[in-house]
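Report on one structure; see the data block that follows.
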Amino acid sequence: MIYLICYAAIIVFAAAIVYRIMDYVKKPLHVRWELYPVAHEAEKAEYGGGYLEETDWWKKPRKKSLIGELKVMIPEILLLKAVWEHNRSLWYLTYPFHLGLYLIAGFIGLLSIGAVSNILNISIWMPIAALTNLLGPVGFVLCIYGACALFYRRLKDPVLRNYSSYEHFFNLGLFAVTMVVAILTWLFVDPNFNMARAFTVNLITFNFGSMSSSLFNLQVVMGFIVMAYIPLTHMSHFFMKYFLYHDIRWGDEPTIDNPATDAKIGIVLNYPIKWSASHIAGHGKNTWAEVATFNPAQEPPTAKE
Amino acid sequence: MENTITIEDIGKDTEILMQVDVKNLMPLQGDFPDKEWGEINSDTKEKYACILDNLCVLQIPMPKTPEEEEELVNKFLDGMRKLFTKENNWTFFSILETTMEHCAKCNTCSDACHLYEATGHNEMYRPNYRSEIFRRIYFKYIKNKPFAKWRYGDVDLNWRTVARLGELAYRCNICRRCAQTCPIGVDNALIAREIRKIFSQELGIAPPELHDKGSMLQLKTGSSTAMNKLVVKDNVQFIDEDFSEETGFQFETPWDVQGADILLIHNAGEILAWPENIAAFSIIFKAAGISWTLSSELAAYDSINYGVFYDDVQFARTVLLQAQAAKNLGVKKIVLGECGHAHKAFTVIADRVLPKALNTPRESCFPILRDIVMSGKIKFDPERNNFPVTCHDPCNLTRLMGIIKPQRDILHKLCPQFREMNPHGPYNYCCGGGSGFAIMSRNNISDWRTQITGRKKLSQILDSFSDSRGPEIQKYVCAPCSNCKGQLRDILRHYKLLEKEQLVYGGLVELIVNAMVDVNPGYIKWEDEG
């Protein structure tokens, strides 16, 4: 049963991520709505400028800087730079929470490497084992601190309370309880994560051997449920942020000499439009192209001047 | 009245939701007393649902019966459903949906908002307040999510909620400073714009300045100023004659020149309110030997596009007319004059609306002005501009288009006492007239606009001139955008800054012409325009 839950959770986690990404990617073309500084604008990004600062910009080669994007994305992802700059008091609570999650993700990765080593009958490289033993507990503690602190802040700060739903408290509580179970398991059942590594081996090899500790089993179930739950909530921002930044905030690709975008414009202009206001509807025009080329205010030519 | 309201209060059966107390407004640097802005007049109150605060921008007809109340809610929901379909809202569907789904409700965006700061952190002005109401309606009534109340929070959807939300969409300059600070990339300013769209595109309700006297008038006569092509050509001819005489520099603005290199499109409001801006462009382009023209075709002599503030269809209609005019003339490119929202609308947003046949390249006037000034084709005497100058960055040009340096290159070359505002460039603050407010002065809107939406900008201006305060030193705020100038004009008048500080405002081209050796000195004047 536990294994079934784990496999189901992995499938839900992956499927939810794929679904959300596909749902976004399959949406029609949107208009440009970029926001500067645009990180890939090479040296111009330093002061917030972009290619539209040039005369005849469409005749000049575009300079796009991957390094520029990385210089923004890495501090944003690893350090939550925007929260640090614009909401410092929250950063002290939310950063430990996020760092804890990053460390736990690293811990799971290392645990998987250890499990694969076991499967291949290779002894685990000591630094990997040591790092696994470090990242797990530190991640648990940081996550517990962050979740509890954020829970308290949302509860006690009247402003944040106004914007918090029961789900916020449930989510934070779920993280805190799951991590408490994880840390208790580490303390009293599995101090070197050998049991966790063995369970991971079983998961990978489809060997459904039972684990001896109820606490360990509870930890596994809760951990996998949390994993499956994350992309079903607003916390899916951990991967959707890529599109929010790259496709929207930094989406400055011009249409001139861009046949792919021209083709997409051709599609959306032929979408039917059903807005009801009188300046849009009631003129026998049905598609965007027809409606947009219709002038509801135009006087007859004889009366124009 | 309390300064705190909850999300649930939006639907409460009270006369208004809340009122901003002038005592709570952000202090200004100097003796600038604030006054209570008056009540909405009784006629307006009777006709329209002015139930948010003591202001009425949108003018939603007051429902008279329970059936009309229900109809308002149902129509709003119909519009909201359309907003989340790809066919009806392909323009913003994916951007809007990601903004709805991924907000962490951390309120990191709050302090970025100049309205929220200016009102002493009034909850109604928090960028996320209207967004949160809109999100709760979305999850409960549009997405029909299970346990929506529990998961996303509750909201009482009644006619008051709808009317207040519509009005709240007009308590935002849509400067998108809040979006700039969001760690996730959520855009609460966009939500304000999309709510405006529901009211316009579904319910047929929009501020008259934007719709009837704005985009519709432009589609009807060619310009929101109501000038048809004969009148506009006459007016520009007068400008040519007046300023040729005043400057000693003879010029004639070209119209409808087939095959010209450049089609220049001004904000036609400049022709009536700031003719010196129109003349300055003509002088500079003539002096630089540029091949250029204006167009007298419908909508093509007025770059404004008020659709960008509230209605995608009106937006598309306007850009299509302007682009068609360029194609008819066979110009190589279109250059936008000093109007921020026209820049953004035509250069960027229209880029994925125009079909290939109409996609004539479009660029800002600032790069070509920079090239002209730096080229050596025109002789300048920067000493003529030797007074303190600061630069207001129009949001549409800077935060939304990344045009930062060209105007600064010019200011550094021609203005010895140029100093920056803090912050500036892409991190600037809106003038307070953004998203259409600059053209609204109905009822008590002007007082609100000068004292709240423009408050942070005024504070920035005063800060930038902290070394030269008082009436002894003439000072200039360079605001290269027609809407921004309209807002600054009202702020300066409201606080009597010409008298108290010898402070005037104007565009960038006026500074360029003021420094031209071939032009009589004194192009910029320190006097009230009357």
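Predicted model only: the values in this text are computed from it and were never measured. Letters go in sequence order (proteins before strands), and every chain restarts at 1.
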Legend entry - More than 12 heavy atoms of other groups within 6.0 Å of A:Y242 OH: no
Legend entry - chain B contacts, top residue of A:T261, A:N171, A:V159 (heavy-atom pairs, under 4.5 Å): A:V159
Legend entry - chain B contact via A:R32 - which portion, at a heavy-atom distance below 4.5 Å: both
Inset, instruction - Tell me, for B:L96 versus chain A, whether the close heavy atoms (under 4.5 Å) come from the side chain, the backbone, both or neither. - result: neither
Legend entry - Option in A:N162, A:L150, A:D23 with maximal non-hydrogen atom pairs under 4.5 Å from chain B: A:N162
Legend entry - Heavy-atom pairs under 4.5 Å with chain B, option from A:G251, A:A82, A:P37 with the top count: A:P37
Inset, instruction - Please round to the nearest 0.5 Å and tell me the distance separating atom OG of B:S94 and atom CG of A:D247. - result: 6.5 Å
Inset, instruction - Please name the pair of heavy atoms, one in B:D154 and one in B:I7, separated by the smallest distance, quoted to 0.1 Å. - result: O-CG2, 4.4 Å
Inset, instruction - Please confirm whether A:R249 makes a cation-pi placement over A:Y245, using NZ or CZ under 6.0 Å from the six-membered ring centre and within 45° of the ring normal. - result: yes
Legend entry - Portion of A:V38 that has a non-hydrogen atom of chain B nearer than 4.5 angstrom: neither
Legend entry - Among the listed options B:I349, B:I368, B:V319, B:N89, the residue most often paired with chain A at heavy-atom distances under 4.5 Å: B:I349
Legend entry - Region of B:K75 in contact with chain A, defined by heavy-atom distances below 4.5 Å: neither
Legend entry - Among B:V313, B:T98, B:T181, B:I184, residue most engaged with chain A (heavy-atom pairs, under 4.5 Å): B:I184
Inset, instruction - Heavy-atom distances under 4.5 Å only: say whether B:D78 touches chain A with side chain, backbone, both or neither. - result: neither
Inset, instruction - Could you pull out the closest heavy-atom pair between B:K105 and A:L160, with the gap in Å? - result: O-CD2, 3.4 Å
Legend entry - Ring-face cation contact, A:Y51 with A:R62, 6.0 Å cut, 45° max: yes
Inset, instruction - Please determine, among A:W275, A:Y166, A:Y271, the option with the most heavy-atom pairs under 4.5 Å with chain B. - result: A:W275
Legend entry - Over all atoms of both residues, closest heavy-atom pair of A:Y102 and A:I77: OH-O, 2.6 Å
Inset, instruction - Would you mind checking which part of A:E34 comes under 4.5 Å of any heavy atom in chain B, side chain (CB onward), backbone (N, CA, C, O), both or neither? - result: both
Inset, instruction - Sort A:R154 into side chain, backbone, both or neither according to what part of it lies under 4.5 angstrom from a heavy atom of chain B. - result: side chain
Inset, instruction - Give, as side chain, backbone, both or neither, the part of B:Q180 having an atom under 4.5 angstrom from any heavy atom of chain A. - result: both
Inset, instruction - Mark yes when over 12 heavy atoms from residues, nucleotides or ligands other than B:K333 sit less than 6.0 Å from its NZ; otherwise mark no. - result: yes
Legend entry - Residue among B:K332, B:K197, B:R135, B:H211 with most heavy-atom pairs under 4.5 Å to chain A: B:H211
Inset, instruction - Give the ring-plane orientation class for B:F92 versus A:W33, where under 30° counts as parallel, over 60° as perpendicular and anything between as tilted. - result: perpendicular
Inset, instruction - Check whether A:L90 gets within reach of chain B through its side chain, its backbone, both or neither, counting any heavy atom under 4.5 Å. - result: side chain
Legend entry - Contacting moiety of B:Q324, where chain A heavy atoms sit under 4.5 Å: neither
Legend entry - Geometric class of the A:W91/A:Y95 ring pair [parallel <30°, tilted 30-60°, perpendicular >60°]: parallel
Inset, instruction - Below 4.5 Å from any heavy atom of chain B, which atoms of A:W58 appear? Answer side chain, backbone, both or neither. - result: side chain
Legend entry - Result of checking B:K82, B:R193, B:R317 against B:D312 for salt bridge (charged side-chain N to carboxylate O under 4.0 Å, His left out): B:R193
Inset, instruction - Measure A:F294 against the heavy atoms of chain B and call it side chain, backbone, both or neither at under 4.5 Å. - result: both
Inset, instruction - Let me know if B:N128 has heavy atoms under 4.5 Å from chain A in its side chain, its backbone, both or neither. - result: both
Inset, instruction - Determine the option with the most heavy-atom pairs under 4.5 angstrom with chain A, choosing from B:G222, B:C182, B:A350. - result: B:C182
Inset, instruction - Under 4.5 Å heavy-atom distance to chain A, tell me which part of B:L354 shows up: side chain, backbone, both or neither. - result: backbone
Legend entry - Top contributor to chain A interface from B:D351, B:I404, B:T108 [non-hydrogen pairs under 4.5 Å]: B:D351
Inset, instruction - Give me the ring orientation class for A:Y24 and A:F243: parallel if the planes are under 30° apart, tilted from 30 to 60°, perpendicular past 60°. - result: tilted
Inset, instruction - Sort B:E97 into side chain, backbone, both or neither according to what part of it lies under 4.5 angstrom from a heavy atom of chain A. - result: side chain
Inset, instruction - Counting only heavy atoms closer than 4.5 Å, note whether A:Y47 contacts chain B via side chain, backbone, both or neither. - result: both
Inset, instruction - Give a yes-or-no answer on whether the side chains of A:K274 and B:T85 include a donor-acceptor pair shorter than 3.5 Å. - result: no
Inset, instruction - Tell me, with the steps shown, if B:F199 and B:Y310 meet ring-ring contact (aromatic ring centres under 6.0 Å, His included). - result: CA-CA 9 Å; B:F199 277 87; B:Y310 77 103; over 10 Å; no
Legend entry - Part of A:D56 within contact of chain B (heavy atom distance under 4.5 Å): both
Inset, instruction - Pick one of side chain, backbone, both or neither for A:I248, based on which atoms fall under 4.5 Å of a heavy atom in chain B. - result: side chain
Inset, instruction - Give, as side chain, backbone, both or neither, the part of A:D262 having an atom under 4.5 angstrom from any heavy atom of chain B. - result: side chain
Inset, instruction - Answer yes or no: are there more than 12 heavy-atom neighbours, outside B:K140 itself, under 6.0 Å from its atom NZ? - result: yes
Legend entry - Per-residue contact mode, A:S278 against chain B (heavy atom under 4.5 angstrom): neither
Legend entry - Which atoms of B:D371 approach chain A - backbone, side chain, both or neither, heavy atom under 4.5 Å: side chain
Legend entry - Side chain, backbone, both or neither of A:R20 within contact of chain B (heavy atoms, under 4.5 Å): side chain
Inset, instruction - Check whether NZ of the Lys or CZ of the Arg B:K145 lies under 6.0 Å from the centre of the six-membered ring of B:F139 and within 45 degrees of that ring's axis. - result: no
Legend entry - Atom group of B:Y427 that falls short of 4.5 Å from chain A, counting heavy atoms: side chain
Legend entry - Contact leader toward chain A among B:G204, B:P355, B:P183, where contacts are heavy-atom pairs under 4.5 Å: B:P183
Legend entry - Side chain, backbone, both or neither of B:S215 within contact of chain A (heavy atoms, under 4.5 Å): neither
Inset, instruction - Looking only at non-hydrogen atoms, find the nearest pair between B:R136 and B:V155 and report the distance. - result: CB-CG1, 3.7 Å
